[in-house]
Amino acid sequence: MDGIEFKELFKVAVETLREKTITPLLEADATYQEDSENEGIAEMHYLQLDLTEEQRNICNRLLECRDKQDIEYATHAYIAGLYDAFRSLLCRFMW
């Protein structure tokens, strides 16, 4: 297994772990729930726009790219958090 393959497998494992951890936190977060409702309303308005097929495809591509980038960022932020937690624990044992 090469480094890139391991990295991708690790990211999938971390994403699975993150989803199990974050879902209950987001469900209990009133601000996130309000933001989610607002996003749903904005999507409904977007779908009601009278866009040409080309315009809608362009908008959808932009939204897909942003979603993918946000997911990648969240995964790396979660990995960074794990790394920082482990590093913090190691520092405690070293002192």
Side-chain angles (χ1 to χ4, degrees):
M1 178 181 327
D2 63 13
I4 294 172
E5 189 176 315
F6 175 78
K7 180 181 176 186
E8 291 305 313
L9 286 173
F10 182 73
K11 281 175 58 178
V12 168
V14 166
E15 288 170 5
T16 302
L17 180 64
R18 183 190 73 223
E19 286 304 313
K20 289 180 181 179
T21 304
I22 202 165
T23 299
L25 295 172
L26 293 177
E27 288 173 351
D29 186 314
T31 302
Y32 179 84
Q33 292 304 317
E34 184 179 340
D35 290 343
S36 182
E37 287 178 29
N38 288 335
E39 187 269 338
I41 293 167
E43 182 178 13
M44 182 182 65
H45 290 141
Y46 164 70
L47 292 173
Q48 292 174 350
L49 291 174
D50 187 26
L51 299 175
T52 67
E53 184 176 346
E54 181 183 10
Q55 290 170 327
R56 191 164 304 277
N57 288 338
I58 290 169
C59 290
N60 287 340
R61 178 70 179 134
L62 171 63
L63 295 171
E64 288 170 8
C65 289
R66 285 190 178 167
D67 286 346
K68 185 176 184 323
Q69 184 181 23
D70 288 346
I71 290 168
E72 287 296 313
Y73 183 90
T75 298
H76 286 284
Y78 191 83
I79 292 169
L82 290 173
Y83 176 77
D84 289 345
F86 289 132
R87 190 169 51 170
S88 176
L89 286 173
L90 287 175
C91 287
R92 285 181 119 185
F93 289 119
M94 294 177 74
W95 291 101

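What you see is a predicted model, and the numbers here were worked out from it, not measured in a lab.
For Asp29, the side-chain contact (heavy atoms from CB on, under 4.5 Å) partners are Thr31, Tyr32, not counting sequence neighbours.
Side chains of Asn60 and Tyr46 form a contact here, defined as non-hydrogen atoms less than 4.5 Å apart. Side-chain contact check for Tyr78 versus Ile22: every heavy-atom pair is 4.5 Å or farther apart. Contact annotation: the side chain of Glu19 approaches that of Thr23 to within less than 4.5 Å [non-hydrogen atoms, C-beta and beyond].
One distance of note links OG of Ser36 with CD1 of Ile41; it measures 10.0 Å at 0.5 Å rounding. For the atom pair CG (Leu63) and CG (Asp67), the distance works out to 6.5 Å, reported to the nearest 0.5 Å. Taken to the nearest 0.5 Å, the CZ atom of Arg56 stands 8.5 Å off from the CG atom of Asp50. Distance CD1/Ile58 to CD/Glu54: 4.5 Å, rounded to 0.5 Å. To the nearest 0.5 angstrom, Leu25 atom CG is 7.5 Å from Thr21 atom OG1. We find the SG-CG distance between Cys59 and Leu49 to be 8.0 Å, quoted to the nearest 0.5 Å.
Looking at every heavy atom in both residues, Thr75 comes nearest to Arg18 through OG1-NH1, 2.7 Å. Contact record, Glu27 with Gln33: CA-NE2, 3.5 Å, taken as the closest heavy-atom pair.
Under the 4.5 Å side-chain contact rule for hydrophobic residues, Leu47 and Leu51 share a cluster.
Crowding of Gln48 atom CD: a count of heavy atoms from other residues, nucleotides or ligands under 6.0 Å exceeding 12. Within a 6.0 Å radius of CZ in Arg87, more than 12 heavy atoms belonging to other residues, nucleotides or ligands are found.
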Step by step, work out the side-chain contact (heavy atoms from CB on, under 4.5 Å) result for Val12 and Glu8. CA-CA 6 Å; Val12 168; Glu8 291 305 313; 5.7 Å; no

